[in-house]
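Worksheet for the structure shown next.
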Amino acid sequence: MKLIIAIIKPFKLDEVRVALSTLGVQGLTVTEVKGFGRQKGHTELYRGAEYAVDFLPKLRVEAAVSDGLVDQAIEVIEHAARTGKIGDGKIFIAPLEQAIRIRTGETGEAAL
């Protein structure tokens, strides 16, 4: 099992959710986050004054998937989240040692 962590633009969430659902991924965790990478923020004009916005709003989408679905999940996230512009985000993959469904006590891939 693997934990896929994708940092994406907020308006791309529905496309990513639908793409993962069609693949068979049944659960997601979404967190609103702020950050920057190569984009390095931007400046905004508010009431005649210029402000630097260093941290941009992003979404952190987490999904636990079985080993057999990892490559497909990465591919559909990449396709759904891509705008072709700077700041599209990143995808991180981490090993997932164990998963337990609290309600039933199922463990491993059965808990996903």
Side-chain angles (χ1 to χ4, degrees):
M1 294 179 299
K2 303 282 187 213
L3 180 64
I4 298 176
I5 302 164
I7 309 299
I8 63 171
K9 290 184 175 184
F11 65 89
K12 287 296 202 170
L13 177 61
D14 281 336
E15 291 176 51
V16 170
R17 182 188 55 79
V18 168
L20 287 171
S21 292
T22 58
L23 191 62
V25 176
Q26 294 180 347
L28 294 179
T29 300
V30 179
T31 311
E32 291 181 5
V33 295
K34 291 181 182 251
F36 71 93
R38 292 183 183 161
Q39 205 171 358
K40 294 187 178 81
H42 64 279
T43 57
E44 287 186 2
L45 201 58
Y46 179 72
R47 294 189 180 192
E50 197 170 281
Y51 294 94
V53 179
D54 293 328
F55 293 97
L56 300 172
K58 302 285 184 181
L59 291 180
R60 176 182 169 130
V61 179
E62 297 173 280
V65 299
S66 62
D67 289 327
L69 282 180
V70 173
D71 292 333
Q72 291 173 302
I74 292 167
E75 191 175 313
V76 298
I77 292 169
E78 233 180 319
H79 180 72
R82 180 177 291 135
T83 66
K85 297 185 175 127
I86 193 165
D88 274 351
K90 297 257 190 312
I91 300 172
F92 304 101
I93 311 301
L96 189 58
E97 193 172 314
Q98 183 64 278
I100 302 160
R101 185 183 311 264
I102 294 173
R103 180 178 55 86
T104 62
E106 293 171 295
T107 60
E109 289 192 16
L112 299 181

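Positions are given from 1, in the same order as the sequence printed here.
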**Stepwise side chain to side chain contact (heavy atoms under 4.5 Å, CB included) test for Val65 and Leu112** = CA-CA 7 Å; Val65 299; Leu112 299 181; 5.6 Å; no

**Item:** Spacing of Glu62 atom CD and Ile7 atom CD1 [to the nearest 0.5 Å]
**Value:** 8.0 Å

**Prompt:** What's the verdict on side chain to side chain contact (heavy atoms under 4.5 Å, CB included) for Val76 and Gln72, showing C-alpha distance, side-chain angles and the deciding distance?
**Reply:** CA-CA 6 Å; Val76 298; Gln72 291 173 302; 5.6 Å; no

**Message:** Once rounded to the nearest 0.5 Å, what's the spacing between atom CG of Asp67 and atom CG of Leu96?
**Reply:** 9.5 Å

**Request:** Rounded to the nearest 0.5 Å, what's the gap from CD1 on Ile5 to NZ on Lys90? Could you check?
**Result:** 14.0 Å

**Spatial distance of atom CD (Glu106) from atom CD1 (Ile100) [nearest 0.5 Å]** = 11.5 Å

**Request:** Identify the two heavy atoms, one from Ala99 and one from Ala111, that lie closest to each other, and give their separation to 0.1 Å.
**Result:** O-CB, 3.6 Å

**Request:** Please answer: with hydrophobic residues joined when any side-chain heavy atoms are less than 4.5 Å apart, are Leu56 and Leu59 in the same cluster?
**Result:** no

**Complete:** To the nearest 0.5 Å, atom NZ of Lys12 lies from atom OG1 of Thr83 at 6.5 Å

**Prompt:** Is Leu3 reachable from Leu69 through a run of I, L, V, M, F, W or Y residues, each pair having side-chain heavy atoms under 4.5 Å apart?
**Reply:** no

**Prompt:** Taking atom CG of Leu20 and atom CD1 of Ile77, what is their separation to the nearest 0.5 Å?
**Reply:** 4.5 Å

**Prompt:** Hey, quick one: are Ile91 and Leu28 part of the same hydrophobic cluster, counting side-chain heavy atoms closer than 4.5 Å, chains of contacts allowed?
**Reply:** yes

**Asked** Minimum heavy-atom separation for Pro57 to Pro10, with atom names?
**Response** O-CD, 3.6 Å

**Item:** Shared hydrophobic cluster, Val30 / Ile93 (ILVMFWY, side-chain heavy atoms < 4.5 Å)
**Value:** yes

**Asked** Within a strict 4.5 Å, meaning less than it, do heavy atoms of the Lys34 and Lys58 side chains meet?
**Response** no

**Message:** Can you confirm whether more than 12 heavy atoms, excluding those of Glu32, are under 6.0 Å from its CD atom?
**Reply:** no

